[in-house]
> 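Okay, handing you the structure first.
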Amino acid sequence: MMENLPFLSILIALPLIGALAILLLARGDDETVARNAKQVALANSVVVFLLSLLLWTGFDRQDPGFQFTEEYTWLAQYNIAYRVGVDGISVLFVLLSTLLTPLCILSAWSAVKTRVKEYMVAFLVLEALMIGTFVALDLVLFYVFFEAVLIPMFLIIGVWGGPRRVYSAFKFFLYTLVGSVLMLVAIMTLLFTQGTADITVLIEGDLGFALNLQIWLWLAFFASFAVKMPMWPVHTWLPDAHVEAPTAGSVILAGVLLKMGGYGFLRFSLPMLPEASEAMSLFVQILSIIAIVYTSIVALAQEDMKKLIAYSSVAHMGYVTLGIFSLNGLGVNGAIFQMLSHGVISAALFLIVGVVYDRLHTRMISRYGGIVETMPRYAIVFMAFMMASVGLPGTAGFVGEFMTLFGAFQDRMWIGTLAASGIVLGATYMLLLYRRVVFGKLEKDDLRALLDMTPREIIIFAPLVILVIWMGVWPMPFLDIMASSVDALLVPFVEADAAGAAVAASQ
Amino acid sequence: MSAFSADLAVILPELVLAVMGMVLLLWGAFRGNRDFGVITVAAALLMFAAAALAIVAPTGNGFNSLFVNDAFARFSKVVIFAGSGVATLMALTFSADTFRRFEMPVLMVYAATGLSVMVSSQDLMTVYLGIELSSLSAYVLAALRRDNLRASEAGLKYFVLGALSSGILLYGMSLVYGYAGGTGFEAVAAGIAGEPSFGLIIGLVFLMAGLAFKISAAPFHMWTPDVYQGAPTPVTAFLATASKMGAFALVIRVMLEPFADIADSWRQIVILLAVVSMVWGSLAAIWQSNIKRLMAYSSIGHMGFALVGVAAGSEAGVAGCLVYLATYVIMNLGAFALILSMKRSGEPVEAISDLAGLSQERLPMALALLVIFFSMAGIPPLAGFFGKFLVFTAAVEAGFWWLAVIGLLTSVISAFYYIRIIKVSFFDDLPEEGTFDDAGFTLRAVYGLSALSVLLFIVVVSFVVGWANTAAGVFA
């Protein structure tokens with residue numbers, strides 16, 4: 001049955017239909033409209049999530065190629081088509097997107113009071129575009145989704161954000177756009193030199209570019225993905241965007257949008273430009289180390305909880321780029337796992353900040369302290385994710401960091417050593433944050449009146465807690481699903497290594 | 001069919017427009033301005049009919065190769081007539097009696113006829129004839145509000161500078177005639193075969209300067225902001241859409257038909273015009289507070305982007321240009337309908353800050369604005385992206401990847417001012433006095449359809465590209 005259904009297209013279309021329904025059908029006074037919009041959006045995103053679980057069950061883990069593929073003619077003159085499909089790498093990101101969207105909508109239930117209808121529409125459109133980005137198997141289609149994501153996100157930050165929302169929204173939009181247009185030039189070059197925009201053909205292997213052209217193209221892709229990740233030194237838009245965005249906006253930004261950068265490296269840079277990736281690997285690794293160490297230190301100095309978590313995101317994404325450009329199995333598997341675990345953990349951390357922000361409307365760390373006494377359940381949930389973010393064994397964070405570091409050690413010993421220092425720094429700022437917010441003396445009067453987590457909030461966190469422990473204790477199902485696709489991805493690098501070893505042995 | 005009736009068949013749309021324009025003029029002369037509404041609707045319908053006629057009129061040369069109807073002319077004419085028709089319809093929203101003059105729709109018909117002659121020309125004399133017919137009509141249209149200081153200034157500036165550019169153009173034509181030995185495109189092409197003489201190159205430069213004025217490419221753009229601001233908004237809409245399409249199609253025809261063999265000589269000039277227009281159109285718009293002036297700089301920038309396709313000089317480049325211009329016309333018609341809808345208690349307002357809080361009171365209008373301006377910024381999946389994509393792909397393919405990089409980076413700068421408009425209408429608070437008056441059916445239909453076409457363009461892009469490829473095939 002499933003083979004005949006355009007399954008991925010349905011996943012993309014459903015949220016769009018929901019958004020359109022809310023936009024056109026929501027009528028009546030403001031309160032009714034808001035309530036209906038929330039209910040429709042939640043129902044819609046839950047249905048999409050449940051449907052997307054069929055991807056998890058129906059996915060053939062032995063097959064390294066693309067599954068659930070569809071192809072329809074679109075711009076035949078340029079051999080550009082509507083091509084979608086998932087492999088072991090992208091399927092996980094689709095699931096991450098569909099999981100986080102209903103949680104975001106739930107988290108905004110009472111936090112968003114103005115223009116609720118538009119908010120829900122923006123989130124559903126965003127969900128469709130995120131799914132589209134991860135399933136697109138055509139250069140131009142990918143670019144369309146990748147860029148279109150900016151529109152709803154720009155509005156989410158700008159309309160429902162904090163006091164400096166306009167500045168942050170512009171910075172987010174323009175930074176990302178500059179990177180993306182350079183990628184567009186690379187896409188155009190690929191398009192006319194190869195005569196097709198079909199990603200499944202392009203990742204097959206040798207595209208016949210000279211090394212210096214490869215490096216130019218690689219840099220063009222890098223401009224876009226590095227901004228999106230974000231890598232040091234082009235990360236400065238992220239703290240601003242996170243601080244000003246509403247809670248759910250931060251969750252999606254950290255949980256999914258940052259992963260588009262890492263996904264891009266895996267989908268474009270590595271398979272299409274292998275020699276350039278090899279040549280530039282040290283460069284990326286050094287940037288990753290700087291990101292890990294520098295942003296961890298910056299995070300230590302933050303007074304704003306969201307800003308602290310934003311900087312920690314940059315550091316954690318540093319492990320991702322480090323792992324990807326180790327160009328070995330452990331590193332790349334670890335990087336994908338790290339992206340997933342960071343997607344869950346950082347999303348949860350932003351939601352945790354959102355919980356107290358909804359109550360006190362401040363994110364300043366110094367305004368809190370001792371809330372374990374009034375909010376014990378909150379303290380437990382916070383602890384789980386704090387520990388996961390630190391990378392405690394038994395949580396998702398550990399597996400990703402450990403594997404990427406292991407991969408880095410295998411590739412270049414000194415890089416791995418330097419990166420490991422980030423673990424210590426990461427533990428420092430997270431534990432400090434936790435101590436200052438949760439422990440200490442409960443001195444402030446308004447903190448005494450705080451209510452613990454509501455059932456709605458518990459429902460939001462329950463799946464995330466389960467997931468973060470599941471991924472930490474038994475990561476195999478996740479590693480299994482990506483394994484064969486990652487092996488296929490690394491074939492050119494393994495061959496290069498083997499050839500290098502053979503040359504060395506013969507001398 | 002006799003030779004003469006074959007000639008007439010080729011110019012069918014222009015013929016119908018010219019004759020029916022006379023009828024409308026007489027109608028107005030007898031009935032006066034009280035029939036303004038009926039004449040306007042009739043003129044618009046006439047132009048939509050002309051768009052249909054442009055498709056059915058037989059292809060071929062007419063009048064001893066003075067005039068041609070081919071796939072390229074068809075594509076351009078459909079866009080020109082549709083754009084002029086919609087711009088004319090917008091005039092229905094004129095409220096003050098000073099505006100409701102029957103000459104206005106009639107002049108629109110003749111301006112459109114002139115543009116149509118331009119894109120079909122096969123001879124420098126036909127080029128000049130078309131340019132003057134459309135320009136003279138446009139001068140009068142721009143100065144329609146003759147009791148208004150700014151409008152008179154706009155009209156005068158447009159006329160003086162327009163006359164100057166026509167002079168330059170004519171001088172260039174005379175040099176080309178002198179050195180090539182003929183005014184027909186074929187004669188010129190034959191004249192430059194082999195080694196083109198220096199005088200011919202000088203003539204070409206003058207010719208291009210004159211044409212650059214018509215498409216308002218920088219540095220020949222000086223008139224544009226003042227005229228855009230001073231002219232009545234429907235006229236501005238005409239100047240920004242149909243008029244640009246016609247002039248740009250003429251640039252393509254002149255460069256790629258008679259001067260195709262010396263592409264290397266004119267390419268440098270086109271690249272220079274493109275770069276200066278893209279950069280200046282993007283930078284200068286940042287400081288504008290009047291939305292019509294902003295649209296003027298925006299169109300200068302857009303002309304720069306489209307010129308990149310001409311610089312590529314390939315069929316793909318021309319096809320990209322045509323798609324770019326078609327989407328540009330659709331977006332601009334919507335944008336000007338939005339601008340016309342900006343009225344408070346009957347008085348038009350034109351400051352960007354007047355859009356504040358639009359999304360809170362008039363969500364459909366704000367959404368249309370969102371879609372249209374994101375499209376102008378070239379953000380996918382909207383129509384504006386595909387124009388840029390095709391033009392820049394052609395440039396990269398022709399080896400001008402650096403031109404594509406400059407173009408795409410300036411498009412980021414231009415995104416800044418487009419999203420500023422969105423920011424004002426979505427992020428800013430609603431002012432005390434509330435938003436605008438009800439826009440009325442016509443304008444709502446225009447910006448609604450424009451936004452819808454921009455949004456759904458992604459579905460029909462293949463069809464449009466196919467048609468543009470056929471049109472560009474004329475220059476193979």
Side-chain angles (χ1 to χ4, degrees), chain A residues 23-24 73-78 80-82 114-115 117-118 121-122 129 132 140-152 154-155 157-161 165-167 169-170 173-193 197 213 216-217 220, chain B residues 316 319-320 359-360 363-364 366-367 370-371 374-375 377-382 385-386 388-399 401-416 418-420 422-428 458-466 468-469:
Chain A
L23 205 55
L24 297 179
T73 352
W74 180 29
L75 239 177
Q77 294 90 341
Y78 290 81
I80 297 167
Y82 175 86
T114 54
R115 299 200 250 174
K117 179 174 88 168
E118 290 91 325
V121 170
L129 298 175
V140 177
L141 187 67
F142 171 83
Y143 186 82
V144 165
F145 281 125
F146 186 84
E147 278 283 279
V149 164
L150 296 184
I151 299 177
F154 173 74
L155 294 175
I157 298 175
V159 177
W160 294 279
R165 59 208 161 93
V166 174
Y167 169 79
F170 272 66
F173 193 93
L174 295 175
Y175 246 76
T176 331
L177 191 62
V178 172
S180 301
V181 294
L182 294 176
M183 171 168 81
L184 187 58
V185 179
I187 288 179
M188 289 165 173
T189 312
L190 281 172
L191 185 61
F192 85 83
T193 51
L213 179 58
W216 280 112
L217 293 175
Chain B
S359 66
Q360 287 164 45
L363 187 61
L367 285 177
L370 176 91
V371 168
F374 266 125
S375 172
I379 307 295
L382 305 168
F385 164 72
F386 291 97
K388 285 203 172 73
F389 175 76
L390 295 171
V391 165
F392 289 125
T393 306
V396 172
E397 200 166 354
W401 59 269
W402 52 271
L403 193 58
V405 171
I406 295 176
L408 286 164
L409 289 179
T410 51
S411 86
V412 175
I413 301 175
S414 70
F416 171 78
Y418 291 127
I419 63 174
R420 185 162 66 107
I422 295 162
K423 171 236 154 195
V424 171
S425 45
F426 274 81
F427 303 174
D428 289 3
I458 189 167
V459 182
V460 295
V461 58
S462 182
F463 170 74
V464 180
V465 170
N469 277 340

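Fair warning: this is a prediction, and the values are worked out from it, not measured in the lab.
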> Side chain from CB out, backbone as N, CA, C, O: work out which of these in F389(B) comes under 4.5 Å of a heavy atom of chain A, or both, or neither.
both
> Chain B heavy atoms under 4.5 Å from L23(A): which part of the residue, side chain, backbone, both or neither?
side chain
> Taking side chain to side chain donor-acceptor pair (under 3.5 Å) as the definition, give me every residue that meets it alongside E118(A), ordered by chain and number, with sequence neighbours left out.
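Scan of E118(A) (side chain to side chain donor-acceptor pair (under 3.5 Å), adjacent residues dropped) gives none.
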> When the aromatic ring centroids of Y143(A) and F385(B) are compared, is their separation below 6.0 Å?
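Yes: the rings meet the under 6.0 Å criterion.
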> Report which part of L370(B) has an atom under 4.5 Å of a heavy atom belonging to chain A: side chain, backbone, both, or neither.
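The side chain, not the backbone.
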> Where on F374(B) is there a heavy atom nearer than 4.5 Å to chain A: the side chain, the backbone, both, or neither?
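The side chain, not the backbone.
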> Check each atom of A220(A) against the heavy atoms of chain B and say whether the ones under 4.5 Å are side chain, backbone, both or neither.
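Nothing of A220(A), per the 4.5 Å heavy-atom cut-off to chain B.
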> Walk me through it: do F392(B) and V185(A) pass the test side chain to side chain contact (heavy atoms under 4.5 Å, CB included)?
CA-CA 8 Å; F392(B) 289 125; V185(A) 179; over 6 Å; no
> Which answer fits L174(A), side chain, backbone, both or neither, if we ask what part of it has an atom under 4.5 Å from a heavy atom of chain B?
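Looking at L174(A), backbone and side chain both touch chain B.
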> For Q77(A), is it the side chain, the backbone, both, or neither that has a heavy atom closer than 4.5 Å to a heavy atom of chain B?
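It is the side chain, since no backbone atom gets that close.
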> Could you pull out all residues at least two apart from K423(B) that satisfy salt bridge (Lys or Arg N to Asp or Glu O under 4.0 Å)?
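In terms of salt bridge (Lys or Arg N to Asp or Glu O under 4.0 Å), with neighbours along the sequence ignored, K423(B) is linked to D428(B).
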> At a heavy-atom separation under 4.5 Å, does L177(A) approach chain B through its side chain, its backbone, both, or neither?
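Its backbone and side chain both get close to chain B.
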> Before we go on, tell me: are the rings of F154(A) and F427(B) under 6.0 Å apart, centre to centre?
yes
